[in-house]
Every structure is written in structure tokens, then in C-alpha cells.
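Worksheet: one structure, shown below.
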Amino acid sequence: MQQVGNEWTRRRFLATVGGAAVAFPHIITSKALGAAGVPAASERITVGAIGVGGMGTGNLGQFLNDARVRVLAVCDVSHGAANGARNRVNGHYRNQDCAVYEDYRELVARRDIDVVMCATPDHTHAQISIDAMRAGKDVYCEKPLTLTIGEGRKMVETARRYGRVLSGGSQRVIGDYGRLASAARSGRYGRILTGQGDPGRSPMRCYLGDGGPAPEGFNYDLWLGPAPWAPYHPYRVGNAYNVSGRGFRSWYDYSGGMTTDWGGHIFGALLHGMGLDHTGPTLMVPADPVAKRPLVAMFANGMELHVTGGRRVNYRCEGGVPQPLNPEPVPPELRWYENGANHPIPDLIQCVRTRKRPFQDVEYAHRTATFCHLVNICRQLNRPLNWDPDKEDFVGDPEASRLVDRPRRGPWQI
Amino acid sequence: MRMALGAWGLAVLIGMLPARADEGWVRVAVYRLGDDPAVVQALFTRVDEASGADDVKAIEAGLIEALGHPEATDDGRALAARMLAQVGSERSVPALAGMLADEPLSTYARLALERIGGPVSVSALRAALVDASETVAKAGLIGSLASLGDRESVSAIAVLADDPALVPFSLRALGRIGGTEALDALEGMTVSDAWETARRRALIEAARSLPPKAVLPVFRRLAGDEDPGIAGAALSALADAVPDEGAERMIEALAGPGEAAIRIALSVLAEGFGGTALVSRLAGRLDAVPEAVRPRVLVVLGHRDDPAALPLARAGLQADDAAARGVAIEVVARLGGADMVPALLEVNDRRVLDALARMDGEGIDARLIAALDQPEQRTLAVEVLARRGVRAAVPRFLEILAGSDTEGFTEIWQALRSLAGDEHAKTMVPLVFKADSAEQGAALAALRSLVARTEPGSAVFNEVVPHFATVPESGKDFILDLAAVAATPAALTLVEDVLEDPALRGRALRALAAWRTGIAVPRLLTLAAEGSDESERLIALRGALRTVSGPGPSESERAVYLIEAAGHISRPEEKRLLLAAVSSSRDPRLAPIIGEWFGDSDVREEAELAARDLVWNLRANASPALRELASKMLESPTEETVKMARQVIDFWKQQ
């Protein structure tokens with residue numbers, strides 16, 4: 001992990017290359033496999049939480065507070081985060097049964113876990129979710145669902161092939177913007193013409209040098225996962241929010257920036273409200289600062305999505321600008337959570353049992369993430385791009401097509 | 001990616017230089033992470049915004065040169081490879097191939113080669129797999145060949161499954177590549193117990209790449225696998241290929257004790273594998289499924305929108321178990337059409353109401369109206385029709401109300417509150433006044449709702465007037481209240497007539513004071529001046545002030561009324577009412593009234609507010625009365641009032 005002179009030290013992956021079959025040092029290994037005394041699987045849904053810092057802590061609370069659920073294990077490449085989560089789970093259940101892992105592959109290999117919560121940095125979402133679904137787990141995956149468009153399509157294919165339920169992770173699509181979507185779709189304002197919102201900036205390429213050795217208790221190699229190898233630097237892996245250059249969300253190799261992060265909320269809400277979260281735009285036109293025109297996405301049905309206006313979601317309809325009204329009945333054709341759930345996690349838990357698709361089914365979450373990626377690619381190439389939402393590829397632009405997916409580091413394939 | 005602003009100059013400079021052999025590409029070659037990134041940021045922007053084939057070709061040539069530069073650093077080569085991932089072609093392959101043997105540069109070379117693709121890239125990757133010695137580099141090469149779907153690499157990759165360090169990558173790649181060769185290789189392979197699940201997982205992936213009927217034995221074997229992922233993938237494939245057999249396997253799973261197996265079967269059903277054939281077969285065999293699991297099957301069937309599930313759901317409508325019955329109701333309403341309406345109405349369960357209210361399709365409303373003829377279904381049918389807003393049901397409702405069978409009368413009156421219209425008044429009004437005591441409250445509420453919803457000029461109240469003489473005392477009170485809501489000329493005539501009746505004068509006056517429009521104001525002002533006692537005069541005055549802003553009077557008439565009303569006012573309460581009405585007025589004749597009340601400490605605040613509104617609204621009209629009011633405003637202790645007065649006075653000076 002060090003740079004010696006001008007050359008990288010050869011990476012020794014032998015410890016990780018064997019995948020889950022290789023025993024990793026557990027931080028705590030008590031009852032790691034098949035904890036004794038756990039109620040039968042038919043009586044509750046068992047959960048393993050992967051990535052338990054940041055949003056993972058909030059998600060963990062949602063699972064812990066759901067009586068239908070039992071959290072059996074937690075996992076994080078940061079031992080501090082993992083131990084903290086384990087203590088929280090044990091404190092909640094008043095026992096010492098929660099297993100803790102550094103490598104998610106060990107958690108996923110457990111047969112007694114039904115659902116995996118994935119709240120790791122963005123670049124590992126697809127890998128972890130696909131591995132979990134292939135092992136027969138249902139998944140709650142934080143937004144943004146993916147780092148690339150190609151990853152998303154593979155996630156959808158895996159979910160369908162293996163009959164798995166996957167819910168994307170934006171609680172704001174309904175929680176913050178659902179009432180506005182209801183108003184826009186109520187028919188009171190006529191047909192929707194445009195949607196408007198801007199989650200923020202795209203990521204940057206990272207030129208950080210060697211930041212010294214990774215701290216004790218932090219497995220940097222596992223953190224990198226499928227991303228190309230690069231020297232450790234605290235600002236490369238940091239949790240600093242926004243595209244500040246001090247956290248992973250700033251960098252192209254690990255995140256789509258605020259565009260994909262808050263885009264999961266903003267664009268997710270707009271596409272849901274416009275009834276377009278099953279498809280994608282057909283043309284992306286970059287912003288024109290001189291003409292003061294924002295980046296515009298055009299859809300086959302004539303609707304447009306304008307990337308402007310910050311995090312304030314807006315619609316413009318034939319009959320004016322909808323206002324959120326309270327209470328607003330949900331129009332029947334607008335998707336909503338199952339059975340009165342008020343958050344995507346209880347919505348997923350319901351669907352784990354019924355096997356219905358959740359509100360943020362993998363296809364919808366993928367289409368939302370795809371829209372975010374298209375915005376990033378359009379900004380990067382700074383030219384109009386024709387997109388085929390059925391083939392999920394650019395039309396007549398081979399260079400843009402190369403950005404649909406990215407190759408992955410040696411041991412990490414999906 | 002948009003580059004940093006500081007790099008613009010450099011970007012322009014680089015754009016102007018020939019792409020090849022310029023200093024920029026050399027700087028890429030010798031770049032080290034941590035150096036000033038401006039140079040490479042500018043070059044990335046140049047790559048991102050390359051225009052035309054010649055430009056791309058020139059950039060590629062520069063990058064190839066950077067890769068081969070004698071002083072190139074690993075960081076620099078990695079960056080050049082990243083750029084080639086966007087703009088590289090087969091011309092770049094030889095330079096990239098030299099980086100494939102060792103990590104971490106191998107990853108960066110593959111970044112480009114996977115994007116370039118084609119037989120030349122594949123050949124380079126195959127050759128590197130033979131030559132590479134590093135485990136991680138080999139794992140990556142296997143992944144790239146799988147990603148490019150290179151079936152010619154199957155045997156080479158299969159051999160690597162003997163290497164304990166490479167077995168998971170070999171297995172996964174064979175599954176991804178798929179095809180007969182990969183399937184055979186995986187079938188014939190022996191791996192350690194630790195990797196046996198991974199082998200079967202790869203096997204199912206490879207099998208899914210082939211025509212299902214050609215690999216049925218694999219699906220049959222793996223559909224019962226202990227690993228839920230493998231079992232799910234195999235069962236779904238089997239269900240698609242042989243729906244009857246898939247259904248039987250699902251029945252077995254649903255009837256078994258394992259929750260995981262039940263979820264697998266339900267998932268296969270939810271995702272639509274096997275189509276209608278599977279659903280039909282399953283529906284015919286559902287008696288083999290434990291009762292506790294059947295509702296879950298029904299939920300999924302309903303979710304599939306497959307009409308084949310309908311007979312099954314219909315049979316569940318009369319289930320004793322409330323959960324099962326609820327699911328059956330939901331599914332029948334979701335999948336069924338109009339012919340399912342009678343069956344749903346027969347279910348003794350309130351959830352039917354919601355289900356029927358949401359049902360979509362032709363003929364449903366007609367079926368519900370027809371159900372009104374069945375006394376035992378009438379109450380529910382009426383409620384559903386009301387929820388669905390079916391106005392076409394109203395004539396039949398009224399026919400029933402005119403009949404002797406009183407079943408559902410209360411619900412019908414409640415439905416008429418929202419459904420009845422002007423056209424129904426002639427029939428409905430006599431029925432309201434004939435309703436017996438049990439339904440009278442609901443009937444009167446329906447009539448009041450109808451009158452309240454009517455437009456000005458509606459003739460509904462005309463139907464009510466003849467009944468005034470015949471109804472008892474309480475009915476007269478109701479009709480007088482209704483007159484205020486109707487606020488039509490006929491209603492006004494009735495109330496004015498009743499004012500002459502000493503026994504009902506008080507009720508009539510209160511109705512007049514609550515008039516919905518402003519047309520009763522002249523009569524109210526007369527009563528305010530000439531009322532028989534102080535109480536009557538006060539009620540009339542307050543009524544006039546409250547209703548003067550309603551529809552009817554013109555702006556000018558309203559001002560005259562308010563000036564007249566002001567002459568009758570002595571108490572602060574009425575002054576406040578008048579000032580509130582003045583605030584929305586635009587008549588300068590009201591200015592003296594406001595000015596006069598500036599000195600009344602009880603209403604000073606309201607008077608100033610009204611003054612501010614009036615002078616601002618009428619600033620284009622600098623009449624003497626307004627100028628005087630503005631002058632008074634300048635003496636106010638309220639800063640806002642003074643400021644407004646100055647603004648308007650300055651405005652007048654500029655005119």
C-alpha cells in the first residue's frame with residue numbers, strides 16, 4: 001500500500017484473492033455462524049448489515065425497530081464502525097449474539113440471513129448486492145444504486161434470475177416529494193410538461209498522492225474493492241459529505257458525486273412523479289452557460305427534465321405549477337409503498353414475505369441511477385447525447401458508449 | 001468532467017498545440033499522483049471533448065507515445081490507459097498489452113482493453129493469461145475475458161480452477177461466458193467443498209445461457225438445491241421451460257416446512273415465470289398447499305395480473321379465515337371485471353367496499369345499480385356507488401325512496417349528499433319532506449348539501465318554497481336557514497314575507513343576516529334603521545356588514561351601503577366589521593369614515609390598516625378626500641402608516 005520511490009509496491013492480494021473461503025480475521029467472532037437460540041427463520045426475517053457508518057447507522061435503526069426483523073450480523077471494513085454497530089445491536093436485543101465481520105463475503109455466505117442491507121461507499125454497492133442476491137439474499141441497497149449504468153442492468157438481471165427482492169434506498173422520493181408528485185399527477189393541473197431539480201455536482205478525477213499507511217483497524221484493500229488500485233489517502237476514503245475533495249463522494253472511481261447521491265432523491269422523485277422511472281430519456285443536451293440554459297433531458301413522450309433549481313423539486317404542468325396539498329389522495333396510477341409502509345425499509349420487509357416488488361424495485365432504482373449517470377456523462381463529454389432507453393446504450397456515439405460501464409479490479413467481478 | 005477554472009489557460013494552450021509529440025503528453029507520462037494535477041486535468045478535458053475521428057486519432061497517438069516514454073511513471077501510464085479507455089482503438093492494444101502481466105498496472109490496461117474490445121484485445125488478454133504469474137493479474141484477466149464473452153478461453157480458464165487461489169474466478173468466469181463448453185467444463189469439474197456451491201452457481205449461470213429444453217436435467221437437479229439462490233434460478237428456468245413440472249415443484253415447496261423454499265416458489269410466481277400455463281396448473285392444485293400459505297399465493301397471483309388466478313381467488317371470497325378472505329377480495333377486485341361485482345357484494349366483509357370502489361373496467365357501475373334491486377345487497381351497493389361518484393344511480397335511488405321497502409334509505413340519503421344535482425330536485429324535494437323521523441336528519445342534510453352546491457340562479461329552492469306552509473315549526477326553521485344558503489330571489493321573497501309574521505320574525509331576520517350573497521343588504525340596512533328594538537337593529541346591522549362583501553352589489557353600491565351603515569354604528573365591534581369591509585374596497589368616498597375613526601383608540605389599529613389599503617389601492621386617484629386621509633396618516637404614531645402615506649404623497653407629487 002506504500003509508494004516506494006517512484007514505483008508502487010506490488011500489491012499482495014493473496015489474502016483477499018481467495019474470496020469468502022479464505023478466513024479473514026474477525027474483529028469479534030462469537031457465534032459467527034448460526035448463532036444459537038435464534039428464533040426459526042419462518043418466524044422473522046433475518047438481516048445482515050454491511051456498511052454500518054453514515055447512512056448505515058440510520059438504516060440499522062430502521063431494521064432494529066421493526067418487530068418482524070432480527071439483525072444477526074454487521075460488517076464494515078472499519079473495525080470501529082463495525083464494533084459500534086455490534087454493540088448497538090446487542091444492546092437492543094440485550095444479548096451478545098450479533099456477529100461482526102470485516103469482509104462482507106463471509107456475511108453473505110451465511111445461510112441463516114435473509115436480507116442484506118448494503119450502505120457501503122457507492123463503488124461497492126453493485127458487487128455486494130449481486131453477490132448477496134446470487135447467494136439467495138434479498139437486498140436493501142442505499143442510493144445511489146450503482147457506480148455505472150452497466151452495473152445496474154446486471155443487478156436487475158441478477159434479481160430477476162435469482163428471484164430476489166431488492167429495494168433501492170431513497171426515503172425522500174415519497175417522504176419529501178411524494179405529496180408534490182401526487183399533486184402533479186392528480187389531474188388538477190393537467191399534463192406534466194417538465195420537471196426540475198438539481199442534486200449538485202459531478203465527481204472529480206482523483207490525483208491525491210500517497211497519504212501514508214491506512215490506519216490500524218481499517219482494511220483499505222477491501223474498501224477499494226473493485227476500484228482500480230490507488231495509494232491510501234485519508235481524503236480518498238473520507239466520509240466528508242458533498243464534493244469537497246475530502247471524501248470518497250468527491251471522486252470518480254468511487255462515486256457519481258452529488259449527482260448520483262442526492263440524485264437518488266431528486267431525480268428519483270421527479271421520474272416517479274412524471275411516471276418515467278421505468279424508462280429513460282432519449283436525448284441529453286448539455287447546459288449552455290451563455291444562453292443560461294440548464295442541462296435538459298428529453299423523453300419520448302415529450303416531457304423534459306431540467307437539471308436546475310437546486311434540491312427544490314418542481315413540476316410545470318399545462319395548468320400551472322402544482323403545489324403540495326395536505327392531505328392529497330394518492331392517484332391510483334402512482335406507485336406507493338406497500339400496505340401503509342412509510343419508509344422503503346418496512347416496504348422491503350413486507351415484500352420479502354409477499355415477494356411482491358417493492359416501491360423502489362431494482363428496475364426503478366436502476367433507472368433512477370441511470371438518469372444520474374447520464375447527467376454526469378453529458379456534463380463530462382459536454383455534447384448532446386442520444387440515448388436508447390430500451391437498449392440502454394448511446395446511439396451513434398461509441399465514445400459515450402464506453403462510459404456505460406467500467407472494468408473492475410482483478411478479484412472483483414460481477 | 002468540468003475542469004477547474006485555473007486550468008482553462010492550459011487547456012486552451014494544449015488545444016492549440018499539435019496533439020502528438022507535444023509537451024503535454026510527456027507530462028502525462030511522467031506524472032506522479034500528488035503533483036499539480038492541472039496538466040492532466042486539462043488533458044482529460046481534451047479527451048472528453050474530442051471532436052471528430054482525426055482528433056481522436058491524434059490524441060490516441062499521443063497517449064501511445066506517453067505509454068512508451070522511457071521516463072514514464074506507473075501513475076502516468078495508468079492515467080494514459082484511463083484516457084485510452086475512452087479514445088483508444090486496436091492501435092493502442094500492443095502498448096497496453098505490455099502492462100497486463102503485473103498489478104496494479106494490469107487493471108488500468110484492462111480498463112482500456114475491455115472498452116476497446118474486439119478480437120485484437122481478446123488475443124492480447126488470452127496471451128497475457130498464459131504469461132502472467134501474479135494471481136491478482138490472472139484473476140483480472142479471467143474477468144476481462146469473461147466480460148468480453150470469449151468462449152475460446154473456456155478450456156484455459158477451466159484449467160485454472162485447479163489453482164486454489166484462482167478457483168472462484170475461474171468458476172465465475174465460466175458461468176458468465178456460458179455455452180455448452182463452459183457447462184461441460186463445470187459439470188466435469190471437481191472442486192473442494194469450500195467451492196462446491198460456487199461451482200453449482202456457475203453451472204446454473206452457464207445453463208441459463210443455453211436453450212432451456214437442452215439443459216433440463218441441470219435445472220431439475222438444481223431446483224432442489226440447498227442454496228436458495230441456486231434453487232431459485234433453477235426453479236424459475238424449469239418453470240419457464242416446463243410449466244406443469246415447475247408448478248408441481250412449486251407445490252412441493254409451498255407445502256413443505258421451509259420458509260426459504262416457500263419464498264423461492266413465491267418469487268418464481270411473482271416474476272411471471274411459466275406464464276398462464278403455470279398459474280392454471282397451480283390454481284388447480286392449490287388444495288395441496290397448507291391453508292396458512294394460500295393467502296400468500298393469492299397475493300402474488302393478484303400481483304401477476306393473470307386472469308387464470310381468478311377462479312381460485314373467487315373461491316376464497318367466502319373463506320372463514322379473515323386474512324385469506326381479504327386477499328381474495330383484493331385479487332378478485334384487481335383481476336375481475338363487471339361479472340365479479342355480484343360475487344363481491346355477497347361477501348360479508350367491509351373490505352369489499354374499498355375493493356369495489358377501486359375496481360376499474362366497463363359495466364361495473366351498471367352492475368352496481370342493478371344490485372340495488374336486491375335488498376340484501378342494496379346498502380353496500382349504495383355506499384360503493386357514492387364512493388365511485390356514480391350520478392347515474394340517482395334516479396334509481398329516488399325510485400327506491402318513493403317505494404315502501406325502506407332497506408338502505410339512510411345510506412341513499414347520505415349518497416345523495418354528494419350525487420344529487422339540480423335536475424333531481426323536482427323529485428327529491430317532496431321526498432325530503434315526506435321522510436319519516438328515522439331518515440329525516442339524513443334527508444334534510446342531503447337537501448342542504450344540494451342547495452349549497454348549486455350555482456346562483458338555481459331553481460332548486462323554488463321546489464322547496466311550496467312546502468313552507470305545510471311543514472311543522474322545525475321544518476320552517478330549516479327552510480329559513482336553507483333560504484340563506486340558496487340566496488336566490490325566491491328565497492329572499494319568502495324570508496321577507498315571513499318577516500311580517502311576528503312568531504317567525506326572529507328566525508327570518510337571522511336567515512337574512514346570514515345571507516350567502518350581498519343582495520339582502522338594502523333590506524338589512526332598512527331593518528338596522530327601523531328595527532322594532534335595539535337587538536333587531538344590531539342583528540340587521542351586523543348582517544349587512546358581514547354580507548356586503550358577498551356577490552351581488554357593485555363596487556359603487558357597496559360604498560353607498562357602507563356609508564349608510566356607518567351612520568348606524570356606535571360600538572367598536574361594528575366599526576371593526578365595517579373597517580374590514582373597507583379594506584377590500586376601492587372607493588374614495590369611504591376615506592372620510594376612516595379618517596374620522598383615526599381618533600378612536602378602540603379601532604385605531606384597524607382604521608390605520610384600512611387607510612393604508614385604501615390609499616395604496618387608490619394612489620392613482622388623488623381626490624381631496626384621499627389627500628386628507630393621507631395627511632392624517634402622517635400624524636400616526638405607527639411608522640408603517642407614516643411610511644405608506646409619504647410614499648403615496650411623493651407619488652402624487654411626481655404626477
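Values below: all heavy atoms of this structure, side chains included; hydrogens, waters and symmetry mates excluded. All values reported here derive from a predicted model rather than from experimental measurement. Note on naming: letters A, B, ... go to the chains in the order of the sequence lines (proteins, then strands), and numbering restarts at 1 for each one.
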Contact class of [X] relative to chain A, heavy atoms under 4.5 angstrom:
X      : answer
B:S236 : side chain
B:L113 : neither
B:S192 : neither
B:R358 : neither
B:R172 : side chain

A:R409-B:T107 side chain donor-acceptor pair, cut-off 3.5 Å: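 B:T107 and A:R409 do not have a side-chain donor-acceptor pair below 3.5 Å.
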Contact origin within [X] toward chain B - heavy atom pairs under 4.5 Å:
X      : result
A:R161 : both
A:V352 : both
A:R383 : side chain
A:R408 : backbone

By ring pair (Phe, Tyr, Trp, His ring centres under 6.0 Å) - contacts of B:F44 (at least two apart):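 B:F44 satisfies ring pair (Phe, Tyr, Trp, His ring centres under 6.0 Å) with no other residue.
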For A:F394, all residues meeting ring pair (Phe, Tyr, Trp, His ring centres under 6.0 Å), sequence neighbours excluded: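 Ring pair (Phe, Tyr, Trp, His ring centres under 6.0 Å) check on A:F394 returns A:W387.
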Salt bridge (charged side-chain N to carboxylate O under 4.0 Å, His left out) between A:D138 and B:R263, worked out: CA-CA 11 Å; A:D138 297 321; B:R263 287 185 197 158; 5.3 Å; no
N/O donor-acceptor pair under 3.5 Å between B:R176 side chain and A:I414 backbone: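 Pair found, side chain donor or acceptor close to backbone of A:I414.
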Sort out for me which of [options] touches chain A most, counting heavy-atom pairs under 4.5 Å.
options                       : value
B:A137, B:S106, B:A85, B:G117 : B:A85
B:V268, B:L141, B:V87         : B:V87
B:I116, B:D36, B:V297         : B:I116

Heavy-atom closest pair, residues A:E399 and B:V47: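 For A:E399 and B:V47, the tightest heavy-atom pair comes out as OE2-O, 3.2 Å.
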Selection from A:D405, A:I377, A:T158 maximising heavy-atom pairs under 4.5 Å formed with chain B: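 Looking at each of A:D405, A:I377, A:T158 in turn, A:D405 comes out on top.
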